[in-house]
Amino acid sequence: LCSPHASPDVTTHLTHWQATDKLRSVGKDGQQEPTLSAARAEELVHIARRLRELRHDRGLRLADLAALTGTSEAHLYRLEQGERWPSLPALLTLAHVYGIAPATLLGPTVTPRLMARHRGRAQWEGEERTGSGVMLNHSVRLRYDGSSRLSSLDGRVAYDGSDEVGSSPEELIGMALAGCFSMSLAQQLGAAGFSPDRIETAGEVRLGLSGDDIGIKEIHLMCDAVVAGISTARFEEIAQITKRSCVVARALVAVPVTLEAQLVTESEVLTREGV
Amino acid sequence: VPIRIRRRATASWHGNEANGSGRIAVGSGAIDIAYSLRSRVGDEAQTNPEELIGAAISGCYVMSLASALDESGYEPREVTAVATVNLEESDGRFSVTRIGLDVTADVPGVEEKTFYRLADMTRVSCPIARALAGTDITLEARLAGAVR
């Protein structure tokens with residue numbers, strides 16, 4: 001369970017940790033200083049929160065983390081709820097599994113700031129096989145039903161107001177990921193000092209149905225980009241990182257995403273008619 | 001033989017993240033909507049990927065719940081779901097931290113207890129919810145006409 005890999009950070013923090021323990025035990029008249037115990041309670045909350053955030057961020061279920069760490073789900077749950085202090089070996093193991101320096105589990109956390117709420121709405125009438133529904137938000141209104149969802153035909157989509165049926169939730173997921181990836185790649189390229197001119201990404205959602213089980217098996221992204229002054233290798237590296245790190249990809253963590261990304265010239269984009 | 005269905009969508013982005021803008025389209029291009037950083041974290045009335053996620057999961061949810069009710073011997077008249085997708089920033093990074101589903105259903109003859117059980121089961125079992133394992137999905141469900 002315990003494979004401590006000491007970095008300078010760990011040592012520093014361990015020293016601090018022991019020091020605080022000592023301070024507490026030698027408090028005047030055997031009483032804990034109120035400020036100190038308040039600080040400890042706050043640290044426990046921090047650790048629990050960091051643990052929750054990390055697992056959430058990695059897209060792991062408690063069961064997955066239990067398998068990776070050799071710790072019971074119940075114990076991990078208590079750690080994430082701040083009901084127990086993690087032991088030092090447990091802390092080091094968790095840091096190892098998450099690939100971070102153990103000290104970052106103990107450091108101050110940044111309170112998440114709610115940036116935006118986005119809404120989608122759907123209505124379904126009747127039973128699954130014979131009924132039909134509509135998915136809408138302020139810019140899209142789509143009708144769909146069982147056959148439009150399982151049809152292998154592509155692109156039968158109806159606009160607002162039309163009675164034509166033909167979309168699927170999977171198609172919207174494809175839009176969401178392609179949209180997020182393109183924007184995120186612009187950001188990543190910008191951060192690396194390049195100025196992207198045009199990024200075009202197609203997302204293909206592959207839905208598998210075996211027996212009664214229907215599920216998204218894979219999403220394939222095909223990206224063409226016009227970016228001046230970047231090498232192919234550097235571009236591919238940044239694109240692969242974006243594929244894993246963009247907001248929607250992290251939310252869709254249960255689905256394998258594959259990516260083909262290539263640099264093209266502006267005229268190539270215009271003649272390709274999409275990707 | 002497992003059935004495989006492929007859905008295709010396209011997005012294009014012009015310029016950098018802060019000042020650029022993009023379009024998201026499906027298949028034939030019958031849907032083709034603009035988006036930008038402002039429509040994503042600001043209040044500009046264009047679309048954004050998170051909203052599409054909301055439409056996708058609500059669309060998947062209502063269909064799956066209709067199916068679950070049907071299989072349990074009920075005939076749902078109407079199931080409506082509103083999905084609220086929370087995009088939050090922490091440590092300089094944005095994440096979809098939670099998706100809230102607000103569900104109303106008109107199902108003759110179903111007991112509340114059975115309905116809630118099926119509604120919660122669908123929350124974790126519908127295909128889009130399973131794909132979105134990186135975020136928490138919460139549910140508020142009620143039967144139309146039920147006294148609360």
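Rounding to the nearest 0.5 Å places CZ of A:R250 at 10.5 Å from OG1 of B:T135. Of the inter-residue distances, the one linking A:L172 atom CG with B:I53 atom CD1 reads 9.0 Å to the nearest 0.5 angstrom. Atom CG of A:L177 is separated from atom CG of B:L52 by 11.0 Å, given to the nearest 0.5 angstrom.
The heavy-atom pair separating B:A133 from A:V253 by the smallest distance is C-CG1, 3.7 Å. Nearest heavy atom pair, residue A:G179 against residue B:P49, reads C-CG, 3.9 Å. The minimum heavy-atom distance linking B:G59 with A:P169 is given by the pair C-CG, 3.9 Å. Nearest approach of A:G215 to B:P127, heavy atoms of both residues: CA-CB, 4.2 Å.
Environment of CD in A:Q81: crowded, with over 12 heavy atoms of neighbouring residues, nucleotides or ligands closer than 6.0 Å.
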message = side chain to side chain contact (heavy atoms under 4.5 Å, CB included) for B:V96 and A:V248? Distances and angles first, verdict last.
response = CA-CA 7 Å; B:V96 174; A:V248 173; 5.6 Å; no
inquiry  = The test is side chain to side chain contact (heavy atoms under 4.5 Å, CB included); show your working for A:V255 and B:R130 and say whether it passes.
reply    = CA-CA 9 Å; A:V255 182; B:R130 279 187 285 140; over 6 Å; no
